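Since the structure comes first, as structure tokens, the remarks are kept for the end.
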Amino acid sequence: MTVHRSGGSLRSLRLSNAAAVLGVVAEDGPIHRAEIARRVDLSRTTVTTITRELLERGVLVESLEAGRSPDVDGRAGGHLALSSTAAWAGGVSMTLDGVAARVHDLAGAELSTAQRLLAPGDDWRRRAELAASALDEALTTAGGDRGRLLAVGFGLPGQIDPSDGVVFGALADQPWHGVNALEEMSARLGVPVLLENNVRLETLAERRWGAARDAANVLYVNISSGLAVGIVVEGMLYRGAVGGAGEFGHVSIDINGPACRCGNRGCLVLYAGGPALRHRLRDVIGEGGRLADIVSAARSGNRAVGNVLADVGVVVGRELASVCNLLNPELVVVGGETASSGNVLLEPLRESLVRHTLAPRGAPQVVASQLPDGANAGALGGIALVLEGVSSSPAALERLLDLGAESMARDTAGA
Ligand SMILES: [Zn+2]
């Protein structure tokens, strides 16, 4: 990671050094002080001063076990880890038909989860209420309240402008369209909120805990009601100029095709999205059938469903090949509800992608997602976003220092 050292007050300089140290510990802890000093390019004396303060504030703890980093000078002990009790991370993800919430400790371990079902017609106000109540339920189960949260990573399907937190996008009939979700959820929850498109959150989760660990150039594709991709370029999540990157479902694959709700013609989603599949398979799943019914029919070997999902694999693989030709990722991870039907979709997708990719040294590896299903995957990414924020947001760091001190006071009082 890069450590930015600019002029400014001593306090802000020390905060930025502390943030750099915490970032390394959050990413690779438990880790030895000497290795931290090497990674952040500070003297060992400076790192010792910073880590002593972080230990005193209850943010770091001494750990007996060594983490992923090598033990630079061969000494046992002296490894530091984030205190799992200093603060908690919250993750919430909303889709059209549900909301999932999770609470994890700062070491990344899951403490609790909760979900609520949503009807597609539910308006934004009801959605926001149910999101808050799911989060509160998860917090109660974990034995705490919102005051323990460092921040909440919050995911939505829309495109989100990072400059102001307004959800925009081509589909004006979505319940979150035009909403300032960042402002509204921050006010409602009373804790710092980090807002992100939920397919990008899933991409973060896949990199931290799933199939894309240690991969630097990754394309994550979510195939469900809609289609979207999360793009990781040289280790960085790519958001685009106004947060609009990744709208894979609205790539036009037939300029003479049917009209799409976005105003374009022949969009990929009209062939591979959930509504298209439900329409094509209405004889199998009935008029009111859901995507989940298609997935379970595929898993039990229904041939008509298998053939339709194979078609989806072929067309999505071909379009993904174009994206691979532009970006040359080493890994493509396939997730989302439709993709959870398994090899019946994944195999044709892989074959089609390989056939249409030009990469001189072979096509990328294509693997299935290792995340939980549905909104839960995005909520897990919300946790990853908060853990990343420990080192990137000065406000998060200050809050962590306060929460760490409170948690120490609580532990002392309880002892
Ligand atoms: Zn479209």
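Any value given below was found using the heavy atoms of this structure, including those in side chains, with hydrogens, waters and symmetry copies removed. Keep in mind the model is a prediction, meaning the values are calculated, not measured.
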Measure the spacing between NE2 of His279 and CD of Glu287 and express it to the nearest 0.5 Å.
8.5 Å
Any side-chain heavy-atom pair from Val323 and Leu219 closer than 4.5 angstrom?
yes
Please tell me if the side chains of Val334 and Ser369 come closer than 4.5 Å, counting only heavy atoms from C-beta onward.
no
Test salt bridge (charged side-chain N to carboxylate O under 4.0 Å, His left out) on Asp214 and Arg207 and set out the steps.
CA-CA 7 Å; Asp214 305 321; Arg207 274 206 87 220; over 6 Å; no
Leu55 and Leu60 have their tightest heavy-atom pair at CD2-O, 3.3 Å
Measure from the side-chain N and O atoms of Asn307 to the backbone N and O of Ala304, and report whether any donor-acceptor pair falls under 3.5 Å.
no
Can you give me the closest heavy-atom contact between Asn325 and Leu358, atom names plus distance?
OD1-N, 2.8 Å
Flag side-chain contact, heavy atom, 4.5 Å: Phe248 against Asn222
no
Measure the spacing between CG of Leu380 and CD of Glu206 and express it to the nearest 0.5 Å.
9.0 Å
Please find the pair of heavy atoms, one from Ile383 and one from Gly90, that lie closest to each other, and give the distance.
CD1-C, 3.6 Å
Euclidean distance, Ser340 OG relative to Arg299 CZ, rounded to 0.5 Å
4.5 Å
Take Leu349 and Ile223, measure what side-chain contact (heavy atoms from CB on, under 4.5 Å) needs, and give me the verdict at the end.
CA-CA 11 Å; Leu349 185 154; Ile223 312 172; 3.9 Å; yes
Just by distance, do the side chain of Ser186 and the backbone of Leu182 share a donor-acceptor pair under 3.5 Å?
yes
Working to the nearest 0.5 angstrom, can you tell me the gap between Met94 CE and Asp122 CG?
9.5 Å
Working to the nearest 0.5 Å, report the span between CD1 of Ile36 and CG of Leu80.
5.0 Å
Evaluation steps, side-chain contact (heavy atoms from CB on, under 4.5 Å), between Phe154 and Leu201:
CA-CA 9 Å; Phe154 194 99; Leu201 287 186; over 6 Å; no
Salt bridge (charged side-chain N to carboxylate O under 4.0 Å, His left out) assessment of Glu129 paired with Arg126:
CA-CA 5 Å; Glu129 269 169 26; Arg126 175 159 172 78; 5.0 Å; no
Applying side chain to side chain contact (heavy atoms under 4.5 Å, CB included), can you list everything that pairs with Ser341, at least two apart in sequence or on another chain?
Val295, Ala298, Leu309, Val344, Leu345
Looking only at heavy atoms, which two atoms of Leu227 and Val269 are closest? And how far apart?
CD1-CA, 3.8 Å
Sub-3.5 Å donor-acceptor pair from the side chain of Arg350 to the main-chain atoms of Val366, do we have one?
yes
Does a salt bridge link Asp28 with Arg39, judged by any charged N lying under 4.0 Å from a carboxylate O?
yes
Using a strict threshold of under 4.0 Å (side-chain N to carboxylate O), is an ion pair present between Arg280 and Asp311?
yes
Stepwise side-chain contact (heavy atoms from CB on, under 4.5 Å) check, Val191 with Arg399:
CA-CA 10 Å; Val191 294; Arg399 186 171 165 82; 3.7 Å; yes
Distance check, rounded to the nearest 0.5 Å: His250 atom NE2 versus Arg261 atom CZ?
7.0 Å
Do Asn197 and Gln159 meet the criterion of a side-chain donor-acceptor pair at a distance under 3.5 Å?
no
So, for Arg125 and Arg188, which heavy atoms are closest and what is the spacing to 0.1 Å?
O-NH2, 4.1 Å
Can you list the steps and then say if Val152 with Val386 is a side-chain contact (heavy atoms from CB on, under 4.5 Å)?
CA-CA 7 Å; Val152 175; Val386 173; 5.7 Å; no
Determine whether the side chains of Glu184 and Trp124 contain a donor N or O and an acceptor N or O closer than 3.5 Å.
yes
Taking 4.0 angstrom as the limit, do Glu388 and Arg208 come out as a salt bridge?
no
Minimum side-chain heavy-atom gap Leu96-Pro175 below 4.5 Å:
yes
Report yes if some heavy atom in the side chain of Leu385 is under 4.5 Å from a heavy atom in the side chain of Glu196; otherwise report no.
yes
Do Gln115 and Asn376 have side-chain N/O donor and acceptor atoms under 3.5 Å apart?
yes
How are the rings of His79 and His32 set relative to one another: parallel (under 30°), tilted (30 to 60°) or perpendicular (over 60°)?
perpendicular
Using atom types as modelled and distance alone, determine if a side-chain donor or acceptor of Glu330 lies under 3.5 Å from a backbone N or O of Asn217.
yes
With a 4.5 Å limit on heavy-atom distance, are the side chains of Thr48 and Arg52 in contact?
yes
Val332 versus Leu320: any side-chain heavy-atom pair under 4.5 Å?
yes
What's the shortest heavy-atom distance between Cys267 and Gly249, and which atoms?
CB-O, 3.4 Å
Whether the Arg116 and Ser133 side chains hold a donor-acceptor pair (N or O, under 3.5 Å, no angle test) is what I'd like checked.
yes
Are any non-hydrogen side-chain atoms of Arg148 and Leu403 less than 4.5 angstrom apart?
no
Less than 4.0 Å between a side-chain N and a carboxylate O, is that true for Arg146 and Asp136?
yes
